[in-house]
Amino acid sequence: KRFDRSDYEAASWLRMTAGWSNGYPQPEATFREIVWDQTIQCPKCRVPKRQIAPYQIKGEPRWGKHSVMGLHGVFSEMFTRPELFTEVFEPLGFTTRPVLNKKGTQELETVVQLVLEEPTVPVRTEGLETEVCPACGVVKYNHPQGDYYPKIARETDAEIVRTEQYFGSGGAADQLFYVSNRVYR
């Protein structure tokens with residue numbers, strides 16, 4: 001079944017993804033070592049992730065009609081226009097991190113990173129294929145095929161959440177975003 005507007009309007013929670021991806025984090029070969037705390041992260045599956053520095057990108061995004069973006073290979077983070085942050089996310093209590101230019105020497109003006117560290121919620125994973133990291137033993141779930149994503153298993157008062165579980169395969173491991181119907185509207 002394809003979802004239509006009435007399905008979205010009736011859903012309590014919806015899976016949030018970036019509207020588009022604007023290139024790769026910089027420097028491509030070493031951004032993980034710069035942005036994420038390597039002392040707690042498994043070198044094989046890259047779980048857990050704790051950010052310690054701003055992301056760097058080539059330059060100011062060419063937003064066009066978009067207002068939320070991601071970066072290739074970084075599915076656990078969202079980036080937005082500052083004015084959208086001020087209008088939608090700031091009133092909900094969220095904060096931002098700056099995004100820097102390619103050299104890491106200057107904050108960009110037209111993009112910020114949406115900070116969403118808590119809360120995390122469990123999702124129903126019955127029937128999803130899993131992978132176990134041979135280095136650390138973390139269980140990762142393969143992304144579901146099609147339009148159906150796991151339902152939230154425990155209600156929360158939060159408006160935007162990340163999953164407790166990680167999704168991906170091989171060296172990829174990301175948490176999914178969900179937004180309340182209120183935020184969707």
Participant: Is the count of non-hydrogen atoms from other residues, nucleotides or ligands lying under 6.0 Å from E109 atom CD greater than 12?
Facilitator: no

Participant: Can you measure from CZ (R15) to OG1 (T17) and round to the nearest 0.5 angstrom?
Facilitator: 6.0 Å

Participant: So if you build clusters from Ile, Leu, Val, Met, Phe, Trp, Tyr with side-chain heavy-atom gaps below 4.5 Å, do I57 and V68 land together?
Facilitator: no

Participant: So, taking the atom named CG in L92 and the one named CG in L114, what distance separates them when rounded to the nearest 0.5 Å?
Facilitator: 9.5 Å

Participant: Identify whether the distance between the nearest side-chain nitrogen and carboxylate oxygen of E126 and K151 falls below 4.0 Å.
Facilitator: no

Participant: Using modelled atom types only, decide if a donor and an acceptor are shared between the side chain of N181 and the backbone of S12 within a distance under 3.5 Å.
Facilitator: no

Participant: Do the side chain of Q51 and the main chain of V35 share a donor and acceptor less than 3.5 angstrom apart?
Facilitator: no

Participant: What I'd like to find out is whether the side chain of Y24 reaches to under 4.5 Å of the side chain of K58, using heavy atoms alone.
Facilitator: no

Participant: Mind listing the closest non-hydrogen atom pair of C42 and C133 along with its distance?
Facilitator: SG-SG, 3.7 Å

Participant: Would you please name every residue forming a ring-ring contact (aromatic ring centres under 6.0 Å, His included) with Y141, sequence neighbours left out?
Facilitator: F167

Participant: According to side chain to side chain donor-acceptor pair (under 3.5 Å), who are the partners of Q38, at least two apart in sequence or on a separate chain?
Facilitator: Q41

Participant: Do V183 and V112 share a hydrophobic cluster, counting only Ile, Leu, Val, Met, Phe, Trp and Tyr and linking them when any side-chain heavy atoms are less than 4.5 Å apart?
Facilitator: yes

Participant: Taking all atoms of both residues into account, what is the closest heavy-atom pair of T96 and V115, and its distance?
Facilitator: C-CG2, 3.5 Å

Participant: Per the ring pair (Phe, Tyr, Trp, His ring centres under 6.0 Å) rule, what does the pair list look like for residues 29-52, sequence neighbours excluded?
Facilitator: F31-W36

Participant: Would you call the rings of W20 and W63 parallel, tilted or perpendicular if under 30° counts as parallel and over 60° as perpendicular?
Facilitator: perpendicular

Participant: Show the nearest heavy-atom pair for residues S21 and H72, with the distance to one decimal.
Facilitator: CB-CE1, 3.5 Å

Participant: Is the number of heavy atoms from other residues, nucleotides or ligands under 6.0 Å of E129 CD greater than 12?
Facilitator: no

Participant: Taking the side chain as everything from C-beta on, heavy atoms only, tell me whether S76 gets closer than 4.5 Å to R162.
Facilitator: yes

Participant: According to side chain to side chain donor-acceptor pair (under 3.5 Å), who are the partners of S180, at least two apart in sequence or on a separate chain?
Facilitator: E159

Participant: Do the side chain of N142 and the main chain of L128 share a donor and acceptor less than 3.5 angstrom apart?
Facilitator: no

Participant: Where the side chain of Q113 meets the backbone of E77, is there a donor-acceptor pair that is under 3.5 Å apart?
Facilitator: no

Participant: What is the distance from atom CD of E164 to atom CD of Q175, rounded to the nearest 0.5 Å?
Facilitator: 9.0 Å

Participant: Counting heavy atoms not belonging to E90, are there more than 12 under 6.0 Å from its CD?
Facilitator: yes

Participant: Write down the atom of R81, the atom of G64, and the distance for their closest heavy-atom approach.
Facilitator: NH2-O, 2.9 Å

Participant: Just verifying a value: how many Å separate L108 CG and K102 NZ, rounded to the nearest 0.5 Å?
Facilitator: 13.0 Å

Participant: Tell me every residue that passes ring-ring contact (aromatic ring centres under 6.0 Å, His included) with F79, counting only those two or more places apart in sequence or in another chain.
Facilitator: Y55

Participant: What are the two closest non-hydrogen atoms of P134 and K44, and how far apart are they?
Facilitator: CG-CE, 3.7 Å

Participant: Does the T163 side chain pair with the main chain of L176, one donor and one acceptor, at a distance under 3.5 Å?
Facilitator: yes

Participant: Please name the pair of heavy atoms, one in M69 and one in A18, separated by the smallest distance, quoted to 0.1 Å.
Facilitator: C-CB, 3.3 Å

Participant: Hey, does L100 have a side-chain heavy atom less than 4.5 Å from the side chain of T105?
Facilitator: no

Participant: Under 3.5 Å, is there a donor-acceptor pair between the side chain of E60 and the main chain of T110?
Facilitator: yes

Participant: Are F75 and Y166 joined in one hydrophobic group, where the rule is that I, L, V, M, F, W and Y side chains link up if heavy atoms are under 4.5 Å apart?
Facilitator: no

Participant: Do the non-hydrogen side-chain atoms of M16 and L116 ever get within less than 4.5 Å of each other?
Facilitator: no

Participant: Any side-chain heavy-atom pair from P27 and I34 closer than 4.5 angstrom?
Facilitator: yes

Participant: Same hydrophobic cluster for L71 and M78, using side-chain heavy-atom links shorter than 4.5 Å among ILVMFWY?
Facilitator: no

Participant: Show every ring pair (Phe, Tyr, Trp, His ring centres under 6.0 Å) that has at least one partner inside residues 85-127, sequence neighbours left out.
Facilitator: none

Participant: So do R50 and I40 actually touch side chain to side chain, heavy atoms under 4.5 Å?
Facilitator: yes

